[in-house]
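Lettering follows sequence order; numbering is per chain, from 1. Note that the coordinates shown come from a computational prediction; the quantities given were computed from them, not determined experimentally.
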Amino acid sequence: MPVLDLKQLREQTDFVRDRLARRGGDYDLDAILQLDSQQRDLVAQRNQLQARSNEIGKAIPQKIKAGSDPKGPEIAALKSEGSEAKTQLSDLEPQVKALQDEMGDRLLQLPNLPSDETPSGKNETENVEIFRWGDEYKPTNPEEIRPHWEIGEQLGILDFKRAVKVAQSRFVNLIGLGAALERALISFMLDQQIAAGYVEVMPPVLVSTATLTGTGQLPKFAEESFKCAEDDLWLTPTAEVPLTNLYRDEVLDASDLPIHHCAYTPCFRREAGSYGKDTRGLIRLHQFNKVEMVKLVHPDTSADEHQAMLANATAILEALDLPYRVIELCSGDLGFSANRCYDVEVWLPSANTYREISSCSNCGDFQARRANIRFKTPGQKGTQFVHTLNGSGLAVGRTMSALLENYQQPNGAVQIPTVLQPYLGGRTVL
RNA sequence: GGAGAGGUGGCCGAGUGGUUGAAGGCGCAGCACUGGAAAUGCUGUUUAGGGGCAACUCUAACGAGGGUUCGAAUCCCUCCCUCUCCGCCA
């Protein structure tokens, strides 16, 4: 499983080092390169031994066929030489394997390289705002604005208290129209993305270790996912995981590309290390619903596909008249698997700020290498890795919170956006 | 959960120790034939890594990992997965 391109690492070490430095953090490339060169030396030795051993293996039946006595000295000499080679090989083999394992472990820890276009920066404070949309839809009565959890609890559609009893904190029950609104949002988003050309999938949300490694959640971020240890299965943190891995270990035909999928799934995150943050409301739950978009594309088109995906995400917010802005993540804030990423942030009036509601990433060939997803162009030799992209279209719970807050009325009611009304039996108000 | 069967190339499918990376078929590509096509015939058709400007060459891979052997797709062990029947179940 080649992860970050080992050949590139070998041949353009300084470039890789420079790119990784833009992310911040410490990456010991020299150790990997040293392992690599040791490994290559040993493999060369092993190959020679193996070649000799193969020769002997072929020579013995030939000699016998040519009349040599199977029990005679000639055959015995060959056998003992073969045996000798075998002994040397069994000495070499574990060394090679140990080096390869060590190198593989280290390579799996390396994040993707930021793209040329990605702005350099240390952390989220250096992300770059690209544009804003819908200022005119922001509520104009800030003093009367209440947070969505108050609105939801008052309407009897959000229940956090009993969710604690049933599960834990950071879970919610959606009751009555709350559940209906969630379903309406899911259906609306799916219908929009299907109309935009994405083929819907309902994937497993319990996935294997290999699947989670393919998209980059493992091995580094095990503490972020819920695991069913008995079965070696994990709850998916996002549908990006099963959708991208749909094609793991496959060689696609160039004419199959691009592949566009969307999916509604629940998502599960342990949110380790975020104890104090967003403790109220729908913003940060262990389980939430999301409509996800995933693309597998030809490398030449991935930049355009990325822009198009971003537009597919923002189209949902525009249809709902929800104010948002788009930011481009700087190198220091980029996710592990991404080489370039836009976050879409929706206006949350109670917090007087924008909150992430979608993240659209281009992973280049990073995930394709891990998951071994290739394509073949007829008439061309060999295979190429596809590029993978993923984006939320959108996070449903966060959309609901934005909707409750932006559409709240002074009398405590909440208007239902026009485009959602058909999904709620024509209802106009919550 | 109990009993049984099986995992081979893009697909089907042969192959139980010795030039088998793997017969045969299908598919696909090229060429021939044709006015064009079908049919037919011939040729070719895996991937990854190393070496060479290249022709080419070496190594690995028959679910995964170990073992036996000079030599394993073929024998032995462990694990994984799939299928069938029974039980259970939304």
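- Atom CD in A/E93 sits about 9 Å away from atom P in B/G67, given to the nearest Å.
- Between B/G7 and B/A64, the two P atoms lie 13 Å apart (nearest whole Å).
- Pair assignment for B/U69 gives none, since no Watson-Crick or G-U wobble pairing has each distance under 3.5 Å.
- Atom CG in A/L42 sits about 16 Å away from atom P in B/A60, given to the nearest Å.
- Annotation: salt bridge (Lys or Arg N to Asp or Glu O under 4.0 Å) contacts of A/E305 (sequence neighbours excluded): A/K295.
- Within the nucleic acid shown, A/K97 comes within 4.0 Å of sugar-phosphate atoms alone, with no base atom in reach, counting heavy atoms only.
- A/F336 and A/F366 have perpendicular rings, their planes meeting at more than 60° on a 0 to 90° scale where under 30° would count as parallel.
- Whole-Å rounding puts the A/D232 CG to B/C80 P distance at 11 Å.
- Shortest non-hydrogen contact noted between A/I175 and A/G156 is CB-O, 3.4 Å.
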Each nucleotide of nucleotides 45-52 of chain B classed B (base within 4.0 Å of a protein heavy atom), S (only sugar-phosphate) or -, in 5' to 3' order, makes --SSBSS-
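- The side chain to side chain donor-acceptor pair (under 3.5 Å) check on A/H306 picks up nothing, with sequence neighbours excluded.
- A/E292 meets the side chain to side chain donor-acceptor pair (under 3.5 Å) test with A/K290; sequence neighbours excluded.
- The CG-C1' distance, from A/L89 to B/U68, rounds to 16 Å in whole Å.
- One C1' atom belongs to B/G44, the other to B/C58, and the distance between them is 24 Å to the nearest Å.
- A distance of about 23 Å separates the P atoms of B/C79 and B/A73, rounded to the whole Å.
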Base contacts versus sugar-phosphate-only contacts with protein, heavy atoms under 4.0 Å: please encode nucleotides 70-79 of chain B as B, S and - from 5' to 3'.
BS--------
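- The partner of B/G36 cannot be assigned: no Watson-Crick or G-U wobble pair with both contacts below 3.5 Å exists in any strand.
- With a 6.0 Å radius and a threshold of 12 heavy atoms from other residues, nucleotides or ligands, A/K227 has its NZ atom above the threshold.
- Listed by first and then second residue, the side-chain hydrogen bond (donor to acceptor under 3.5 Å, both in side chains) pairs involving residues 382-396 of chain A are A/E240-A/N390, A/S302-A/H387, A/Q367-A/T388 (not counting sequence neighbours).
- Distance check on atom C1': B/U74 versus B/G10 gives 25 Å, rounded to whole Å.
- Between the P atoms of B/G9 and B/G63, the separation comes to 8 Å (whole Å).
- Base pairing annotation: B/C42 forms a Watson-Crick or G-U wobble pair with B/G30, both donor-acceptor distances under 3.5 Å.
- B/A48 is paired with B/U59 under the criterion used here, namely a Watson-Crick or G-U wobble arrangement in which both key atom distances are under 3.5 Å.
- When Watson-Crick and G-U wobble pairs are counted only if both distances are under 3.5 Å, B/G24 pairs with B/C12.
- Contact annotation: A/N54 does not reach the phosphate of B/G18 (side-chain N/O to OP1 or OP2, under 4.0 Å).
- Taking side-chain N and O atoms only, A/Q50 has a distance below 4.0 Å to OP1 or OP2 of B/A60.
- Between the CG atom of A/L92 and the C1' atom of B/U59 there is a distance of 13 Å, rounded to whole Å.
- With sequence neighbours excluded, the residues satisfying side-chain contact (heavy atoms from CB on, under 4.5 Å) with A/D231 are A/C228, A/L233.
- On the C1' atoms, B/G13 is 14 Å away from B/G27, given to the nearest whole Å.
- Between A/A51 and A/I64, it is A/I64 whose nearest contact on RNA chain B lies nearer the 5' terminus.
- B/A39 and B/C33 have their C1' atoms separated by 11 Å, given to the nearest Å.
- Among pairs with a residue in residues 108-119 of chain A, those fulfilling salt bridge (Lys or Arg N to Asp or Glu O under 4.0 Å) read A/R19-A/D116, at least two apart in sequence or across chains.
- The closest donor-acceptor contact from the side chain of A/S225 to the backbone of A/F221 lies at 3.5 Å or more, if one exists at all.
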For nucleotides 6-12 of chain B, tabulate all protein N/O to nucleotide N/O atom pairs closer than 3.5 Å, reporting atom names and distance.
none

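- Residues forming a salt bridge (Lys or Arg N to Asp or Glu O under 4.0 Å) with A/R52 (at least two apart in sequence, or on another chain): A/E55, A/E81.
- When the C1' atom is compared between B/G21 and B/A48, the two are found 14 Å apart, to the nearest whole Å.
- Rounded to an integer number of Å, the gap from A/Q48 CD to B/U57 P is 18 Å.
- The pairing partner recorded for B/U84 is B/A3, the criterion being a Watson-Crick or G-U wobble arrangement whose two distances lie under 3.5 angstrom.
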Which pairs would a plain distance check flag for residues 98-105 of chain A, meaning a side-chain donor or acceptor within less than 3.5 Å of a matching protein atom at least two apart in sequence or in another chain?
{"unit_1": "A/Q100", "atom_1": "NE2", "unit_2": "A/Q39", "atom_2": "OE1", "d": "2.9"}
{"unit_1": "A/D101", "atom_1": "OD2", "unit_2": "A/K97", "atom_2": "NZ", "d": "3.2"}
{"unit_1": "A/E102", "atom_1": "OE2", "unit_2": "A/R106", "atom_2": "NE", "d": "2.7"}
{"unit_1": "A/E102", "atom_1": "OE2", "unit_2": "A/R106", "atom_2": "NH2", "d": "3.3"}

Which donor-acceptor pairs under 3.5 Å do side chains of residues 417-424 of chain A form with protein atoms, sequence neighbours excluded?
{"unit_1": "A/Q421", "atom_1": "NE2", "unit_2": "A/I416", "atom_2": "O", "d": "2.9"}
{"unit_1": "A/Y423", "atom_1": "OH", "unit_2": "A/D191", "atom_2": "OD2", "d": "2.6"}

